[in-house]
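Residues take their numbers from the sequence shown, with the count starting at 1. Counting starts at 1 for both ligands and their atoms, following the listed order.
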Amino acid sequence: MDKGQLISELNSQFAYFLKSVPETREVPHSYSEAQGLLMASPNLWTCGFPPGSMWYMYELTGAKNWKKAATFNTLKLEEAKNRTNTHDLGFIFFCSYGNAYRITGIEEYKNVIIEASETLVKRFNSTVGSIRSWDWGKWQYPVIIDNVMNLEMLFWASKITGDSKYKDVAISHADVTMANHYRQDGTCCHLVDYDISTGKPIKKQTYQGLNDESAWARGQAWGFYGYVMCYRETRNNNYLHFANKIASYILDNAPRDMIPFWDYDAPGIPNEPKDASAGALIASALYELSSYVPAKTKCYIRSADQILDSLNSEKYRAEIGTNKGFLLLHSTGNKPGNKEVDVALNYADYYYLEALKRQMEIKNSHKKI
Ligand code: GLY
């Protein structure tokens, strides 16, 4: 499909989404026919994605109404900046305020992200060398793979303030996660629990994946995206090598339509739910990685294009006026918990729009050469 036509359709569908966004502090989190529309308050890790998607829509369309909506929904989240009970501040603030600052340069946005970064580093334990993920559950010091995504905000905070403490935390967390979450084949477990007195791993397990040895699809995608980003921010070749290794696993095990099933080891493949959110994340990270690895540029771009071709198709993209305005169908949040199986999720849409933007930037830069 012609890109202009696609953006115009996404614009219409997301305008319908906007109708579901209340004036209150909440934003839409997920939608399915069975569960209806579920909302995210600033207590939920996904609350930054809808404003982030609105910033991307503003960039993709140039339409002022998106800037207005993005601004309103970004400012809703400020109250979360002092929350020390979550590791998700990077998701919450970098997708919303991060894009707001990148696009507008307004100082107030910058100050909020620095405050959120200050809050996030309070969750770092130097014996473990990582940021703690969850404060609930039976673990001593749980760290989930998803947490590498929160490091992007910390790298940014060091660049903008000149204080290396945020980046030092990010690098330590990335290195410790690389050493303990990952297996020989380039896959990772979801959660590592650490002994707080020694900093050594006690247990490696899953929470949202099939089992402790399996490759939960979104976990692989978080890790992949995270290490591509770590390479961008540090130019440390260990991260680049690692990102390439994860990419090999993901591409070698991709299904025909390139959108992962919810877990690469799910026993009923091909009759298992898909996870479009993992597909969108992988496409976005592949576009970025393609610019760092000249020998694989074409292969990575081709694979990312194939993912987007699937997501753009009627199999994964909701018809205009359906799906409560969410762009994509068929994501899976937590299959073992029987929550959000084959639904629309706000972060799938966010990374889908980001991937489309990256794809357009790459195609435009090739045209100029
Ligand atoms: N960060 C939670 C998830 O990926 O479901």
Salt bridge (Lys or Arg N to Asp or Glu O under 4.0 Å) filter on Glu79, not counting sequence neighbours, yields Arg25

Under 6.0 Å from the ring centre and within 45 degrees of the ring axis: does the NZ or CZ of Lys167 meet both conditions for the six-membered ring of Phe155?
no

Nearest heavy-atom approach of His181 to Ile145 is NE2-N, 3.6 Å

Rounding to 0.5 Å, atoms CD (Glu33) and CG (Asp342) come to a distance of 10.5 Å

Distances only, to 0.1 Å: what are the N or O pairs between ligand 1 and the protein that fall under 3.5 Å?
unit_1, atom_1, unit_2, atom_2, d
ligand 1, 1 (N), Asp146, OD2, 2.6
ligand 1, 4 (O), Asp146, OD2, 3.2
ligand 1, 4 (O), Arg218, NE, 2.8
ligand 1, 4 (O), Arg218, NH2, 3.3
ligand 1, 4 (O), Trp222, NE1, 2.9
ligand 1, 5 (O), Gln208, NE2, 2.7
ligand 1, 5 (O), Arg218, NH2, 2.7

Sorted by chain and number, sequence neighbours left out, salt bridge (Lys or Arg N to Asp or Glu O under 4.0 Å) with Asp135 holds for Arg123, Arg132

Besides Tyr194, the hydrophobic cluster formed by Ile, Leu, Val, Met, Phe, Trp and Tyr side chains linked at under 4.5 Å, directly or via other members, contains Val128, Tyr141, Val143, Val176, Val192, Ile196

